[in-house]
Number of protein chains: 2
Amino acid sequence: MKKQSITQISEQISVPLAAISAPQRIAILLAIGTGEACVCHLETALGWRQAYISQHLMALRKADILQDRREGRYVFYKLRNASFLDLITASAALSGLAAESVSTLVNTRAYPSCECPQCAPVLIPANSL
Amino acid sequence: MKKQSITQISEQISVPLAAISAPQRIAILLAIGTGEACVCHLETALGWRQAYISQHLMALRKADILQDRREGRYVFYKLRNASFLDLITASAALSGLAAESVSTLVNTRAYPSCECPQCAPVLIPANSL
DNA sequence: ATAATATATTCAAATTTACGAATATGAAAA
DNA sequence: TTTTCATATTCGTAAATTTGAATATATTAT
């Protein structure tokens with residue numbers, strides 16, 4: 001393998017950082033957390049327009065940070081590598097935030113007000129069992 | 001302490017990430033490494049114009065990432081927190097770079113071709129001792 | 001003082017990025 | 001097959017960022 005210049009290396013290192021560095025993308029990654037989230041879930045969690053969220057999701061996909069999976073009409077996103085969250089918590093620590101003020105935001109649970117398939121899974125009618 | 005929204009938290013987390021995410025700033029931070037570097041050293045290490053480097057240094061100062069110290073006509077910069085380098089190496093790993101290809105670039109040594117006070121310290125004449 | 005050296009700042013043009021609006025696609029339901 | 005629902009994409013413009021050029025400042029040497 002040929003030796004690369006500091007400029008080339010830095011260029012490559014910057015790709016994940018640049019993709020993550022926008023506050024909107026950080027919010028999305030936190031909202032997805034260690035699990036999966038569909039776009040409609042993110043709409044509820046963040047309160048933003050659908051198209052706007054999709055645009056940021058596209059950027060995160062192109063930077064190989066997110067992975068998508070279609071299931072019926074829903075598309076679920078998850079992190080390709082959970083370490084991206086570590087990057088975020090590391091930056092949180094450097095900006096003086098307490099670890100817990102971040103961890104409480106990382107999505108691990110369902111939102112009662114959200115009607116997406118995860119938060120409000122369809123119940124199997126008792127009479128069909 | 002009042003609970004902050006995911007949007008506010010993300011905004012705060014993004015500050016260090018945004019300041020670091022430009023490839024030029026990554027290169028500067030790697031060139032400074034765990035030690036100190038004056039601007040003229042960075043000129044040699046990176047081969048860029050002086051004013052251009054100063055502009056990026058200014059951005060890194062404003063984001064509280066770098067700290068400066070004047071000594072005569074030289075100004076030496078160093079990281080306020082060595083963990084910023086960890087952020088960079090973490091991102092390097094996530095972008096598929098081998099740890100060593102980064103670590104060999106982190107400045108720990110003098111450049112023979114550089115004439116800055118660190119690389120070419122003024123020798124104390126023997127006859128003055 | 002004046003000159004020389006190291007670094008900082010300002011400004012404007014060029015480039016990039018963000019964001020809203022509109023619209024397209026793909027899957028399931030009717 | 002038409003409609004509906006979830007999501008994606010395109011496009012134009014506004015806004016932010018980058019970068020080169022010019023210049024200013026601070027410190028030391030003469």
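Remember, predicted model here, so these are calculated numbers, not experimental data. Residue numbering restarts at 1 for every chain, and letters A, B, ... go by the order of the sequence lines.
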Exercise. Parallel, tilted or perpendicular for B:Y74 and B:F76, by the 30°/60° rule?
Worked result: tilted
Taken in chain and number order and not counting sequence neighbours, the residues that satisfy side-chain contact (heavy atoms from CB on, under 4.5 Å) with B:Q12 are A:S95, A:L97, B:Q4
A:E115 atom CD is separated from D:dT4 atom P, nearest whole Å, by 19 Å
With B for base contact, S for sugar-phosphate-only contact and - for none (protein heavy atoms under 4.0 Å), nucleotides 7-16 of chain C reads BBBB------
Sorted by chain and residue number, the side-chain contact (heavy atoms from CB on, under 4.5 Å) partners of A:E11 (sequence neighbours excluded) come out as B:P23
Sorted by chain and residue number, the side chain to side chain donor-acceptor pair (under 3.5 Å) partners of A:S21 (sequence neighbours excluded) come out as none
B:I53 atom CD1 is separated from C:dT5 atom C1', nearest whole Å, by 16 Å
For B:V15, the side-chain contact (heavy atoms from CB on, under 4.5 Å) test, sequence neighbours excluded, returns none
Comparing A:R25 with A:E71, nearest DNA chain C nucleotide closer to 5' gives the residue A:R25
Taken to the nearest whole Å, CD/A:E36 to P/D:dT7 is 12 Å
Review point. For D:dG20, does OP1 or OP2 lie under 4.0 Å from any side-chain N or O of B:R49?
Key: yes
B:Q24 atom CD is separated from D:dT19 atom C1', nearest whole Å, by 9 Å
Sorted by chain and number, sequence neighbours left out, side chain to side chain donor-acceptor pair (under 3.5 Å) with A:D86 holds for none
Worksheet item: Does A:H56 have a side-chain nitrogen or oxygen under 4.0 Å from the phosphate oxygens OP1 or OP2 of C:dA18?
Response: no
